[in-house]
Amino acid sequence: MRPPMKPLKPLDEALDELLGHAALLAGTDTVTTFDADGRVLAQDCASVLQVPPNDNSAMDGYAVRCADVAAVGLALPVSQRIAAGSAGEPLQPGTAARIFTGAPVPAGADAILMQEDCEALADSVRINAVPRPGQWIRRAGEDITRGAVVLRAGTRLTPAELGLAASIGLAQLQVARRPRVALFSTGDELVMPGAVPPEQMRPGAIYNSNRFFLRAMLLRLGCEVSDFGIVPDRRDATIDALKSASAAHDLILTSGGVSVGEEDHIKPAVESLGTLDLWQIAMKPGKPFAYGRVGVAHFMGLPGNPVSSFLTFALLVRPFVLRLQGVQDVAPQSMAARADFAWSKADKRREFLRVRHNATGGLDLFDNQSSGVLTSAAWGDGVVDNPAGQTIAPGDTVRFIAFSELLS
C-alpha cells in the first residue's frame, strides 16, 4: 500500500527552508570593475574621497558674486575662462568668469548664471536675470562624502553600481566566487535540437527545451555551468552522473524524474549517495520539487514540464543561487496591477498565471495556462501571483511579478 500523501508545503515555507541551507560559498574573486557586471560584492566599498571633489558648475554659463548683480541689465567684465578639468583664479569683485559644466567654481563666486540668462559682449557679459546664492552650484561631497560606504557587501552589481565604484577610483572589486552548477536532464523521451530533424522524431520523443532556458537562467545569475546533457532513464546512469557532478560542483540541478513514476530514478539514486527530501509544493504550475545533498554538493530536482521547471527555478532556485553568493534580499518585487481578464477556476494551490500588459495598462491572460505550454512564458511579460482559492474578475487589483524580476 502506498503511504499517505504528505500535505502540500506552502511556497514561502519551502523557500525559507531552502535558504536555510544556502551558506555563503567560500572564496572570492578579484575582477576589474569593467568585468564585474552581475557579480556580487564580497566586501564593502568605502570612498577615500568626496564626490564631487570641489564645488562645480551644473551649467554652462557665468560664475558671479550675487552682491555684484542686484538688478538685470548690468554688464560685467569677463575676467577668466574656466573649463572642466582646469582650476580658475579667485573671482575679483565686479567681474564674471566664463564657466562650463563640471568646472570648479572659483573662490569668491557664489552663484552660476546659465548662459541663456546672459548676453555675451566683446569683453563682458550682460546679466539678464538676478541670481540666487548657490544657484546652479553642485557642492563638494554632494554625491559622496569621504569615508562613506557607497556599496555594501552582498550587492549584486549593475551598470549603475559599476559607475559608482569607478567614481570613487576603484579599478578592481572583490566579488563572491561564481557558483559551480552541474546541469542535466533525465528522460529517454528527450532529444537535443539538431540531433534529429523534426520529420524523423520517433513517436513520443520531444526536444529538450528545459536544458536551454535553465542554462541561460543560471548564466544570468553568474554561475559557471557544466552541462551533463541528457541522462538515460536508468538508475546506474543516474548514479554515475550524480557521482561525477558532485566532485567539483556546488549545486547539481536536474529537470524531470522527481515524481513517483517507475522510471523516475532521481530519488533512489540521490539517496544512495546522500540525502533527499521530495516536496510537494502548493504552487501551480510546479508542484514536485526535490532538495538534498550529494557529497558536499547541493542537489535540486525540478519538474519536467517546461513551465513548471521555468517557474520553480525562478521562485526557488534563483533565490538560493543568489544567497550562495551573499545576496540577502532575494525576493522578487511585485506590484499592484489591474486584471483585464476573468479567472473563475480557483485552485487549492497558489497560482502563477502568465500575463502580459496591454495598451491600457491592464493585464491580459494567456489563453492556455497548462504547465507544458512554454509559449505562455515567451508571450508574457510576467505572472500574476494569485493566492490559493482566489478567483479574479475583470477590474480586480492583482499582484504582478515581472519576468525581469525573475530572470535577471
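In this text the structure is predicted, and so the values were computed from the model without any measurement. One is the number of the first residue; the rest follow in order along the sequence. These values consider heavy atoms only, across backbone and side chains, with no hydrogens, waters or symmetry-generated copies.
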With a 6.0 Å cut-off (strictly less than), is the heavy-atom count around CD of E89, excluding the residue itself, greater than 12? no
Within a radius of less than 6.0 Å around CZ of R180, do more than 12 heavy atoms belonging to other residues, nucleotides or ligands occur? yes
Kindly indicate whether a cation-pi arrangement holds for R293 with F299, taking the cut-offs as under 6.0 Å to the six-membered ring centre and within 45° of the axis. no
One thing to verify: whether [Y] and [X] come together as a salt bridge, which I'm taking to mean a side-chain N less than 4.0 angstrom from a carboxylate O.
X    : Y    : answer
R211 : D227 : yes
E17  : K9   : yes
R138 : E142 : no
D364 : R356 : no
D55  : R139 : yes
D60  : R98  : no
D29  : R178 : no
R338 : D396 : no

Checking side-chain polar atoms at under 3.5 Å, does [X] have a donor or acceptor matched by the opposite partner on [Y]?
X    : Y    : answer
N210 : S185 : no
Q50  : T145 : no
W343 : Q369 : no

Between [Y] and [X], is there a side-chain heavy-atom distance shorter than 4.5 Å?
X    : Y    : answer
M283 : T312 : yes
L15  : P319 : yes
D367 : F341 : no
V355 : F366 : no
F289 : L316 : yes
V330 : V321 : no
I144 : I168 : yes

is_close_aromatic(F310, F213), centroid dist under 6.0 Å: yes
Could you check, using the six-membered ring where one of them is a Trp, whether F320 and H21 have ring centers closer than 6.0 angstrom? no
Evaluate the criterion salt bridge (Lys or Arg N to Asp or Glu O under 4.0 Å) for residue pair R65 and D110; output intermediate values, then yes/no. CA-CA 5 Å; R65 295 171 179 265; D110 57 4; over 6 Å; no
Begin with the C-alpha distance, continue with both residues' side-chain angles, and end with the deciding distance and a verdict on side-chain contact (heavy atoms from CB on, under 4.5 Å) for I127 and C118. CA-CA 5 Å; I127 308 300; C118 302; 4.2 Å; yes
Picking from V31, L41, V40, D37, what satisfies side chain to side chain contact (heavy atoms under 4.5 Å, CB included) with L157? L41
Which value, rounded to the nearest 0.5 Å, describes the distance between I266 atom CD1 and E271 atom CD? 11.5 Å
Spatial distance of atom CD1 (I99) from atom CH2 (W136) [nearest 0.5 Å]: 14.0 Å
